[in-house]
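Step one of this worksheet: look at the structure below.
For the numbers below, each heavy atom of this structure counts, side chains included, while hydrogens, waters and symmetry mates do not.
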Amino acid sequence: MSSDFEGYEQDYAVLTAEITGRIGKVPRLMGDEKKQMILNVEKQLEEARELLEQMDLEVREIPVQSRAMYSNRMRSYKQEMGKLDADFKRSRIAYSDEVRNELLGDEGNSSESQRAHLLDNTERLERSSRRLEAGYQVAVETEQIGQNILENLNQDREKIQRARERLRETDANLGKSSRVLTGMLRR
């Protein structure tokens with residue numbers, strides 16, 4: 001099972017290296033070459049996402065004892081995928097800026113810095129949203145665990161109350177038996 005994961009891992013490493021190289025080439029290309037390169041990168045990003053899904057399925061089938069190590073790897077691969085997506089978006093924005101500049105004959109330096117600033121803010125917002133979502137998931141899981149504990153405590157309380165009631169009944173029966181035996185001894 002882990003051999004499948006490692007095979008996917010190798011494929012993912014090769015694919016991400018190719019994607020990184022192509023993303024770096026996008027801003028330097030012109031015209032149809034640039035369009036073709038963008039299409040190729042989009043296809044490869046989709047392939048990388050599919051590989052991540054396959055790897056995630058493999059991790060779910062790994063025994064619980066060694067699953068944590070593979071889960072950590074998956075987290076780092078998913079972060080890497082997010083960075084690749086962000087880099088690709090930046091290269092496409094640079095591409096669209098170049099097209100706009102070619103058409104309008106505009107340098108657009110201020111809009112480029114504004115766009116970069118907006119991208120940074122958007123990334124911060126996405127990270128914050130992910131953190132909030134993770135916090136919410138932890139809160140939901142904690143609530144479920146607390147609810148289970150309360151149910152267990154309630155069941156334990158009921159068992160203790162039943163045992164206490166049986167003890168009282170037994171005590172009352174022992175008292176009656178003691179009185180009967182005392183009466184029999186006197187006779």
Side-chain angles (χ1 to χ4, degrees), residues 1-27 37-97 111-162:
M1 217 174 295
S2 63
S3 63
D4 289 339
F5 181 85
E6 289 167 2
Y8 290 137
E9 215 172 15
Q10 290 174 356
D11 292 345
Y12 181 77
V14 169
L15 191 57
T16 54
E18 287 178 18
I19 291 170
T20 303
R22 288 185 174 181
I23 287 174
K25 291 179 184 176
V26 168
M37 184 65 74
I38 287 173
L39 290 174
N40 288 339
V41 171
E42 286 174 342
K43 286 178 188 174
Q44 285 185 318
L45 284 171
E46 186 58 36
E47 286 177 39
R49 284 187 200 94
E50 288 174 8
L51 274 174
L52 278 178
E53 287 175 14
Q54 289 297 322
M55 290 164 66
D56 202 24
L57 290 173
E58 288 296 323
V59 166
R60 291 179 189 169
E61 294 179 10
I62 291 175
V64 176
Q65 304 88 317
S66 55
R67 190 178 297 167
M69 177 181 69
Y70 290 102
S71 294
N72 288 336
R73 285 189 196 171
M74 282 302 300
R75 257 185 249 114
S76 68
Y77 293 144
K78 287 177 182 179
Q79 287 174 348
E80 181 182 4
M81 189 68 200
K83 289 178 185 175
L84 283 174
D85 282 332
D87 290 346
F88 183 56
K89 284 180 187 175
R90 280 193 204 105
S91 73
R92 289 188 68 175
I93 288 171
Y95 167 68
S96 64
D97 280 347
S111 70
E112 196 171 310
S113 66
Q114 287 175 347
R115 183 166 271 130
H117 185 68
L118 286 173
L119 276 174
D120 288 341
N121 287 340
T122 302
E123 286 179 3
R124 276 192 217 126
L125 281 172
E126 288 174 357
R127 282 194 303 266
S128 298
S129 295
R130 284 192 297 269
R131 284 189 204 124
L132 283 172
E133 197 170 327
Y136 177 75
Q137 288 297 328
V138 168
V140 167
E141 290 173 7
T142 304
E143 183 180 2
Q144 289 173 343
I145 290 169
Q147 195 173 21
N148 290 340
I149 289 171
L150 285 174
E151 288 173 7
N152 289 341
L153 287 173
N154 188 35
Q155 290 172 356
D156 291 346
R157 188 191 68 187
E158 290 173 4
K159 287 177 187 175
I160 290 170
Q161 286 176 341
R162 284 193 303 268

Evaluation steps, salt bridge (charged side-chain N to carboxylate O under 4.0 Å, His left out), between R73 and E80: CA-CA 11 Å; R73 285 189 196 171; E80 181 182 4; over 6 Å; no
Heavy-atom check, side chain of [X] versus side chain of [Y], under 4.5 Å:
{"X": "Y70", "Y": "E6", "result": "yes"}
{"X": "D4", "Y": "E61", "result": "no"}
{"X": "E42", "Y": "I38", "result": "yes"}
{"X": "V140", "Y": "Q144", "result": "yes"}

Rounded to the nearest 0.5 Å, how far does [atom2] of [Y] lie from [atom1] of [X]?
{"X": "E151", "Y": "L153", "atom1": "CD", "atom2": "CG", "value": "10.5 Å"}
{"X": "Q10", "Y": "L15", "atom1": "CD", "atom2": "CG", "value": "13.5 Å"}
{"X": "M81", "Y": "S76", "atom1": "CE", "atom2": "OG", "value": "13.5 Å"}
{"X": "K25", "Y": "M37", "atom1": "NZ", "atom2": "CE", "value": "5.5 Å"}
{"X": "Q161", "Y": "D156", "atom1": "CD", "atom2": "CG", "value": "11.5 Å"}
{"X": "L119", "Y": "R90", "atom1": "CG", "atom2": "CZ", "value": "6.0 Å"}

Please name the pair of heavy atoms, one in [X] and one in [Y], separated by the smallest distance, quoted to 0.1 Å.
{"X": "L84", "Y": "I19", "answer": "CD2-CG2, 4.1 Å"}
{"X": "M74", "Y": "L52", "answer": "CE-O, 3.4 Å"}
{"X": "Y77", "Y": "Y12", "answer": "O-OH, 3.0 Å"}

Audit row: S129, E133, side-chain contact (heavy atoms from CB on, under 4.5 Å) steps and yes/no: CA-CA 6 Å; S129 295; E133 197 170 327; 5.8 Å; no
Run the salt-bridge test on [X] and [Y] with the 4.0 Å N-O cut-off and return the result as yes or no.
{"X": "E58", "Y": "R67", "answer": "no"}
{"X": "R49", "Y": "E46", "answer": "yes"}
{"X": "R60", "Y": "D56", "answer": "yes"}

Stepwise side-chain contact (heavy atoms from CB on, under 4.5 Å) check, L125 with N121: CA-CA 6 Å; L125 281 172; N121 287 340; 5.5 Å; no
Stepwise side-chain contact (heavy atoms from CB on, under 4.5 Å) test for E50 and Q54: CA-CA 6 Å; E50 288 174 8; Q54 289 297 322; 5.7 Å; no
Intermediate values then yes/no, side-chain contact (heavy atoms from CB on, under 4.5 Å), R162 and K159: CA-CA 5 Å; R162 284 193 303 268; K159 287 177 187 175; 3.4 Å; yes
Residue E158 excluded, over 12 heavy atoms near CD under 6.0 Å: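 For E158, atom CD is crowded (more than 12 foreign heavy atoms under 6.0 Å).
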